[in-house]
Amino acid sequence: MKLLLATKNQKKLKEMERILAPLGVEVLSEKQLDTPLPEVEETGMTFEENAALKARSACQETGIAAVADDSGLCVDALHGAPGVYSARYAGGHGDDAANNQKLLDELNGLPAEQRTARFVCAICCVFPDGRQFTVKGECPGSIGFAPQGGEGFGYDPLFLTEKGCFGLLSPEEKDAVSHRGQALRRFAEELQRYL
């Protein structure tokens with residue numbers, strides 16, 4: 001089966017391809033289309049709403065079953081921030097270094113036990129016939145005091161789990177515990193029901 005992944009984030013694309021490949025799902029990217037996908041304004045108040053906006057737009061534009069995710073970091077001491085604004089927390093979209101620095105600044109002076117957080121990922125799949133479903137995955141952890149490692153992307157160098165810092169885990173180790181790995185495994189189960 002072919003699924004169009006509605007993302008411009010190449011690291012996220014590789015991560016999703018790696019997890020979905022064993023299921024026999026061929027993941028198409030925007031680069032394989034004749035025309036680029038339109039930018040979708042993420043106006044949703046939840047990860048689920050934003051994932052649905054992106055998947056619906058891509059499916060309507062191409063007529064191909066489309067998958068989109070919205071994910072981010074929710075820090076308890078910041079009342080769930082950066083949340084749906086994770087990619088643009090420091091202002092510019094996708095500036096990982098600036099976002100990580102702002103997060104460290106916001107948590108400055110807080111002890112380890114008050115730095116609890118969770119990564120959240122919602123994945124929505126929309127079919128040309130109008131059917132759709134959404135799944136969600138969460139990974140609990142905490143925020144470190146300084147970046148570690150060069151693996152992953154986004155807030156990975158600051159996110160600590162019982163398996164270690166995401167910035168130090170191999171892609172396979174991260175997939176086994178991450179919010180996106182959990183969501184994609186649920187997605188695979190749900191997709192088989194729809195097929």
Side-chain angles (χ1 to χ4, degrees), residues 6-9 11-12 15-16 39-57 67-125 132-169 173-187 190:
T7 185
K8 297 179 188 301
N9 183 325
K11 292 176 182 175
K12 194 180 282 189
E15 193 172 59
M16 292 184 89
E39 286 290 335
V40 176
E41 194 174 346
E42 295 180 15
T43 56
M45 299 303 291
T46 66
F47 297 112
E48 293 92 338
E49 289 172 2
N50 283 333
L53 286 170
K54 293 183 276 190
R56 248 185 255 124
S57 172
V67 179
D69 94 312
D70 196 45
S71 53
L73 181 68
C74 300
V75 180
D76 295 322
L78 301 178
H79 309 289
V84 294
Y85 304 104
S86 291
R88 50 194 186 276
Y89 190 44
H93 192 279
D95 187 340
D96 293 349
N99 289 335
N100 282 320
Q101 188 57 56
K102 179 174 180 178
L103 181 60
L104 287 174
D105 292 345
E106 296 280 339
L107 298 178
N108 189 31
L110 280 183
E113 63 271 13
Q114 293 179 28
R115 299 169 80 95
T116 55
R118 69 190 186 288
F119 262 129
V120 178
C121 175
I123 299 175
C124 181
C125 182
Q132 74 175 58
F133 68 87
T134 304
V135 295
K136 189 174 171 183
E138 291 191 12
C139 180
S142 62
I143 305 303
F145 292 90
Q148 298 180 60
E151 295 292 329
F153 58 96
Y155 298 95
D156 287 356
L158 293 177
F159 192 69
L160 310 175
T161 71
E162 60 184 19
K163 297 291 185 186
C165 177
F166 271 9
L168 296 170
L169 299 181
E173 289 170 325
K174 180 184 170 189
D175 291 346
V177 296
S178 77
H179 53 306
R180 190 168 293 109
Q182 290 179 43
L184 281 169
R185 285 187 287 279
R186 289 185 184 125
F187 172 80
E190 197 66 23

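Worth saying up front: this structure is predicted, and the values here are computed from it rather than measured. Here, residue 1 is the first one in the sequence, and each next residue gets the next number.
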* Asked: Hey, are the side chains of Leu103 and Leu73 touching, using non-hydrogen atoms and a 4.5 Å cut-off?
  -> yes

* Determine the minimum heavy-atom distance between Asn50 and Gly44, stating which atoms define it. => OD1-N, 2.7 Å

* Structure fact -> Heavy-atom closest pair (Pro82 atom, Val75 atom, distance to 0.1 Å) is CD-CG2, 4.2 Å

* Asked: Could you state the interatomic distance from CG (Asp70) to OG1 (Thr134), rounded to the nearest 0.5 Å?
  -> 11.0 Å

* Asked: Are any non-hydrogen side-chain atoms of Lys163 and Val177 less than 4.5 angstrom apart?
  -> yes

* Answer whether the closest heavy-atom distance between the side chains of Gln132 and Cys124 falls below 4.5 Å. => yes

* **salt bridge (charged side-chain N to carboxylate O under 4.0 Å, His left out) contacts in which one or both residues fall within residues 82-111, not counting sequence neighbours** => Glu42-Arg88

* Structure fact -> When rounded to the nearest 0.5 Å, the distance separating CZ of Arg180 from CD1 of Ile123 is 7.5 Å

* Hey, are the side chains of Val135 and Phe133 touching, using non-hydrogen atoms and a 4.5 Å cut-off? -> yes

* Close side-chain approach of Phe187 to Cys125, heavy-atom, < 4.5 Å -> yes

* Asked: Do Leu107 and Leu78 have side chains that get closer than 4.5 Å, going by heavy atoms?
  -> yes

Run the side-chain donor-acceptor check on residues 142-160: report pairs under 3.5 Å with partners two or more places apart or on a different chain.
residue : atom : partner : partner atom : Å
Tyr155  : OH   : Ser86   : O            : 2.7
Asp156  : OD2  : Phe153  : N            : 3.0
Asp156  : OD2  : Lys174  : NZ           : 2.6

* Structure fact -> Of all heavy-atom pairs linking Gly83 and Cys74, the shortest is CA-SG, 4.1 Å

* Look at atom CD of Glu162 and say whether more than 12 heavy atoms of other residues, nucleotides or ligands are closer to it than 6.0 Å. => no

* Only counting residues at least two apart or in another chain, list the ones meeting salt bridge (Lys or Arg N to Asp or Glu O under 4.0 Å) with Glu39. => Lys8

* Roughly how far apart are Phe119 CZ and Ser178 OG, rounded to 0.5 Å? -> 9.0 Å

* **Sub-4.5 Å side-chain heavy-atom contact between Pro140 and Thr161** => no

* Asn99 side chain to Ala90 backbone, donor-acceptor under 3.5 Å -> yes

* Taking every non-hydrogen atom, the tightest pair across Ala55 and Ala68 -> N-CB, 3.5 Å

* **Pairs where residues 138-147 contributes a residue and the test salt bridge (charged side-chain N to carboxylate O under 4.0 Å, His left out) is met, not counting sequence neighbours** => Arg118-Glu138, Lys136-Glu138

* Taking salt bridge (Lys or Arg N to Asp or Glu O under 4.0 Å) as the test, write out the residues that go with Arg56, two or more places apart. => none

* To do: List in chain and number order the residues that pass side-chain contact (heavy atoms from CB on, under 4.5 Å) with Thr46, two or more places apart in sequence or in another chain; answer none if no residue qualifies.
  => Glu48, Glu49

* To do: Check step by step if side chain to side chain contact (heavy atoms under 4.5 Å, CB included) holds for Gln182 and Cys121.
  => CA-CA 9 Å; Gln182 290 179 43; Cys121 175; over 6 Å; no

